Amino acid sequence: MRQDEIWNADTARDYDTPGTGMFAPEVLGPTVDRLAALADGGAALEFAIGTGRVALPLAEAGVPVTGIELSEPMIARLREKADESRIPVVVGDMATATAPGEFSLVYLVYNTISNLLTQAEQVACFRNAARHLAPGGRFVIELWVPELRKLPPGQQATVWSSETGYIGLDTYDPLRQIVVSHHFRFDDSRQASLFRSPHRYIWPTELDLMGQLAGFELESRHADWTGGEFTAECRSHVSVYRLAPTE
């Protein structure tokens, strides 16, 4: 599936869940606080800005935000909340598209770098971040940790969420490092809706090597936006990369 087929008008229409899920204050608050601190008084560029879940409150916190986004339906939803003068957006692929200006912070949240389905594209994304940053600038990535320890021999899928009206499961292709997330939503009827999205999963150490290839050094890695310790049991991480100053 192409990314423009996944992030279509139907997905954009249903993406925002104000006050709950990814939009809950306890999720957004720490994210925005940490990003504002990492911007250190400069401007920020969000790769895959989507409908503005993080960009809007970050801008309200006083950080000028520009975005790059492939999905025009997602941008249209963002435009219902903020015009181009408030949140400029470049339409394009986050691995190759360029935005005008220089930034102190580039960030990717909620596993979005895994939407790039090859290692080469993911490395290009790092290099694109470096291209936009001032010397010493930061690239921040929020990403999940592959759960391959849950796969016994012969099993290709894991159920990572099961609750009333919803089941989430992932199917793995370990040879290509591809996982397809399946989101089943259902009610009391016999009908269920299914949303699927493919991802290329990345181990933290592989992510660090991608950073090195683009001129970054790992500055910090935590379990979450509040700065919790990252351990072998963590399901996700927030990694901060610093672009080496020019000599």
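Everything quoted here is computed from the prediction, not taken from an experiment.
Side chain to side chain, Q177 and E206 meet the donor-acceptor criterion of an N or O pair below 3.5 Å. A side-chain donor-acceptor contact under 3.5 Å links S181 and D170. Using a 3.5 Å distance cut-off with no hydrogens or angles, the side chains of Y172 and Q156 do not pair a donor with an acceptor.
Of the listed residues (V54, L38, I49), just one forms a side-chain contact (heavy atoms from CB on, under 4.5 Å) with Y107, and that residue is V54. None of L105, L108, V240 except one satisfies the side-chain contact (heavy atoms from CB on, under 4.5 Å) rule with F139; the exception is L108.
Put simply, the side chain of N128 gets close to the backbone of A97: a donor and an acceptor are under 3.5 Å apart. Without hydrogens or angle criteria, T171 side chain to A157 main chain gives no donor-acceptor distance under 3.5 Å.
Taking every heavy atom of both residues into account, A134 and L243 meet most closely at O-CD2, 3.9 Å. Minimum interatomic distance between S239 and L218 (heavy atoms only, all atoms of both residues): CB-CD1, 4.2 Å. Taking all atoms of both residues into account, the shortest heavy-atom contact from E72 to V91 is CG-CG1, 4.0 Å. Residues G92 and I68 share a closest heavy-atom pair of O-CG2, 3.5 Å. The two residues E229 and A223 come nearest to each other via the heavy atoms O-CB, 3.3 Å. In terms of heavy atoms, Q122 sits closest to I113 at NE2-O, 3.7 Å.
Between F195 and H183, the two ring planes are tilted [angle within 30° to 60°]. In this pair, H132 and F103 present their aromatic rings tilted. The plane angle is within the 30 to 60° band.
The distance between the ring centers of F230 and H222 does not fall below 6.0 angstrom.
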Does the pair W160 and H182 meet the rule for a ring pair (Phe, Tyr, Trp, His ring centres under 6.0 Å), with working shown? CA-CA 10 Å; W160 51 268; H182 302 71; over 10 Å; no

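Residue pairs that meet the salt bridge (charged side-chain N to carboxylate O under 4.0 Å, His left out) test with at least one member in residues 176-192, sequence neighbours left out, are D173-R176. Under the salt bridge (charged side-chain N to carboxylate O under 4.0 Å, His left out) criterion, the residue pairs touching residues 132-144 are R138-E219, with sequence neighbours excluded. For residues 54-69, every residue pair satisfying the side-chain hydrogen bond (donor to acceptor under 3.5 Å, both in side chains) rule, not counting sequence neighbours, is listed here: E60-R86.
For the pair F216 and F126, the minimum side-chain heavy-atom distance is below 4.5 Å. Residues W144 and H199 are in side-chain contact: their nearest non-hydrogen atoms beyond the backbone lie under 4.5 Å apart.
The environment of E163 atom CD is dense: over 12 non-hydrogen atoms of other residues, nucleotides or ligands sit within 6.0 angstrom.
In summary, R200 and E121 do not engage in a salt bridge, as defined by a charged side-chain N under 4.0 Å from a carboxylate O.
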